[in-house]
Protein chains: 2
Amino acid sequence: MTSDPHRTNNTLRISEIVAIPVACPDPPLLNHHGVHEPVFLRVIVRIRTEDGLEGLGEGPGGRLYVQQLMAAAKHVIGADPYHIEALRVLIGNPRLFSTIEVALLDLIGKATNRSVTDLLGGAARRRVPFSAYLFFKEAGDDDWGRALTPEEIVNQGARFANNYGMSVFKLKGGVLEPDAEIRTIQLLRERFGRRAKLRIDPNAAWSVETSIRVAEHLRGTDIEYLEDPTDGIEGMAQVARRTPIPLSTNMCVTEFQHIPVAFRERAVQVVLGDHHGWGGLTALRNLGVVCKTLNLGLSQHSNSHLGISFAAMIHAGAAIPNLLHASDTHYPWNAASDMVKETDRFRFRDGAIELWEAPGLGVSIDEDRLASAAEAYDQRGSLLARDDISAMRERNPDWLPHMPKW
Amino acid sequence: MTSDPHRTNNTLRISEIVAIPVACPDPPLLNHHGVHEPVFLRVIVRIRTEDGLEGLGEGPGGRLYVQQLMAAAKHVIGADPYHIEALRVLIGNPRLFSTIEVALLDLIGKATNRSVTDLLGGAARRRVPFSAYLFFKEAGDDDWGRALTPEEIVNQGARFANNYGMSVFKLKGGVLEPDAEIRTIQLLRERFGRRAKLRIDPNAAWSVETSIRVAEHLRGTDIEYLEDPTDGIEGMAQVARRTPIPLSTNMCVTEFQHIPVAFRERAVQVVLGDHHGWGGLTALRNLGVVCKTLNLGLSQHSNSHLGISFAAMIHAGAAIPNLLHASDTHYPWNAASDMVKETDRFRFRDGAIELWEAPGLGVSIDEDRLASAAEAYDQRGSLLARDDISAMRERNPDWLPHMPKW
């Protein structure tokens, strides 16, 4: 009970960390850097305490990452999960720490019977909205079908609208010629009406000049923001001076150190944070504080992920007050691979996930599904890390992802 | 036990908030705005949950503040102490919220058997250093004696060094002519040697021109920082362009909204945060994140306070990694009035307080001492709020605290 002075909460001690690399099927989604490989790699982390609690984390996978993670484990074993800031500096690399930190918060939540949202300061909202992440794609083995034209993207958008109630559409651009992508955005506006929100992200495939030209063409289409039209803080600043459309980024501002210069140069209006890259959910909360202070907008960036990361993103979306833009997620593309038991918690209504009441992240593992995803990884043991470029060059040996390309 | 699914942690609910205004003796300390009145006012807040836990807070006192606090209580009764960000926006005023927030953290700490330091991310350091806060002062009823000359300030500094082991000295300036205060700093350097750190804070009593002249005179004396030499972000920016001595402030940057302009203008190098003013310990932690991101220094500002606030400042000092400057505190001036039982925890060694292991803030109330401080307040029921100016004008009706004065 809460008033029992003998309970052992205050001596939570980590005794074990297990990292399970997994490989899951991925549709052939196209982007400026190439095409998604047939499988995507993640790692599931289970951190256990002496008294039998388990915290779950999920991070980018691949052999190199898992090796680094196990090297970092020496700082984690014997540690107290509350000592987050100490572990952050001991581990150093925010991309490694993030996977561990999510598991620490899950542990603390389970030890105190509190949701991760509560550990981050409590819910600012109970419905967390997500965008429909539209991709040009090859036909593939999935049931999404081909999307290589503007019209096919609109059909893909309709599936997101119908199945998930989404009304914020993000197009992964930088694949077709800029004019075809402008046309795609205009068709999305026509199809989904005035109230839909539209974003396009060419992953810096455009020059400053092309970015300004695209922005000019899209002014009448009412764009929520233009994501990384061009490369680097200086390039983004040059574009920002020439268009009223807000610019967002997950490429030129990817760590706290990038913020002062981006702010001075007025290069970016919306930062797309990602707990995986910034150093965990507490780091994303901290990014929220910085963005609020500097009057910058905030949204969440996504890479291919599974349900533990999705739960983490939902808690971040619920807890961070100024996260006013719908978050991006790949979850609808990868949900079939998920090894979380409570996938019913991830049912979209009107494009949002409703927060649920449960300790920690509020998800647990289906051991059979985890085992088969781990087996799939073992069968492709040579995979080092995600490589969209090579996957594309297998199709076209001359293909190069220049930035800018147009 | 931690794994007991039936414990009621997750239904912590606040059932009562009690605010006890107190008045405590204060020495006649001088500053640019006048002189400390014979008593200083604080309020002790006790927030209780349905299952009998009590969290303690302390804030600025006086009738107006206590009335505002009780008006804010309607948001607190029935609330869950974890829902900090919701209560922050419901209460709105960060000076009111801060007093409540400290009590919420104390409650959460007691419910989970964790220190407030752990709730803020864990200890970055276990010894929290404080500065010797030197004041020009009248003789008064206290045993500190008179300090109206540079030489008498040096004697006061020696008492801080001998009794508390302090080696960081902050002079509250703006009282004597600037040349006499320059002389005071130089005497402190002579007396305490090269390793002492020296600060001076004239509370914006100087013009830009005088500030630059003082900075020039003090360059050879190695000043840690010059605090609020002149008024406003623009004035500070003008001074900052003309001296390599870092400028600090608790006057022109007192809320998050002030930071972007101060940063663009390069007006300030060190922000003196104060959980009382910024919105609690979580806000001070957030300020730490912003300062780290923008490469600004961070220290803690102090007003007259008692032991609950001192405990809060110690936890902040332990938990915030980039709080690298010794924090200011009035505690040595007011320790005799304290109603905290565990005052032995506040024993300075080498100018620092050692963190202790206890849930929450780690302090509790001596009811007899609280009752007599509350009685002292009731006997002076007409006191609205601190008023150093009127206290000075009782001595000299022509006295005016112009900014700038010199």
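Convention: sequence-line order gives letters A, B, ...; per-chain numbering from 1. Since the structure is predicted, the reported quantities are computational estimates derived from the model, not experimental observations.
In summary, B:R114 and A:D80 engage in a salt bridge, as defined by a charged side-chain N under 4.0 Å from a carboxylate O.
The 12-atom threshold is not exceeded at CD of B:E357, counting heavy atoms of other residues, nucleotides or ligands nearer than 6.0 Å. Counting non-hydrogen atoms of neighbouring residues, nucleotides and ligands closer than 6.0 angstrom, the CD atom of A:Q257 reaches no more than 12 such neighbours.
Ranking A:A123, A:A319, A:P260, A:G122 against chain B, the residue ahead of the rest is A:P260, based on heavy-atom pairs under 4.5 Å. Chain A forms the most heavy-atom pairs under 4.5 Å with one residue out of B:E85, B:H258, B:R285, and that residue is B:R285. Contact count versus chain B (heavy atoms, under 4.5 Å) is highest, among A:V89, A:T49, A:N286, for A:N286. In terms of heavy-atom pairs under 4.5 angstrom with chain A, the leader among B:V290, B:T117, B:D118 is B:D118. Ranked by non-hydrogen atom pairs under 4.5 Å with chain A, the options B:V261, B:T293, B:I84, B:N295 are led by B:T293. If you tally non-hydrogen atom pairs under 4.5 Å between each of A:H83, A:R264, A:K292 and chain B, the highest count goes to A:R264. Ranked by heavy-atom pairs under 4.5 Å with chain A, the list B:G121, B:A86, B:P321 is led by B:G121.
Separation of the B:H301 and B:W278 ring centroids does not fall under the 6.0 Å cut-off.
With a 4.5 Å cut-off on non-hydrogen atoms, B:R125 does not touch chain A at all. Interface remark: A:R88 contributes no atoms to any contact with chain B (heavy atom separation under 4.5 Å).
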What's the verdict on side chain to side chain donor-acceptor pair (under 3.5 Å) for B:S98 and B:H276, showing C-alpha distance, side-chain angles and the deciding distance?
-> CA-CA 5 Å; B:S98 64; B:H276 300 92; over 6 Å; no
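Scanning all heavy atoms of the two residues, the minimum distance from A:A318 to A:V128 falls at N-CG2, 3.6 Å.
A donor-acceptor contact closer than 3.5 angstrom is absent between the side chains of A:S248 and A:Q269.
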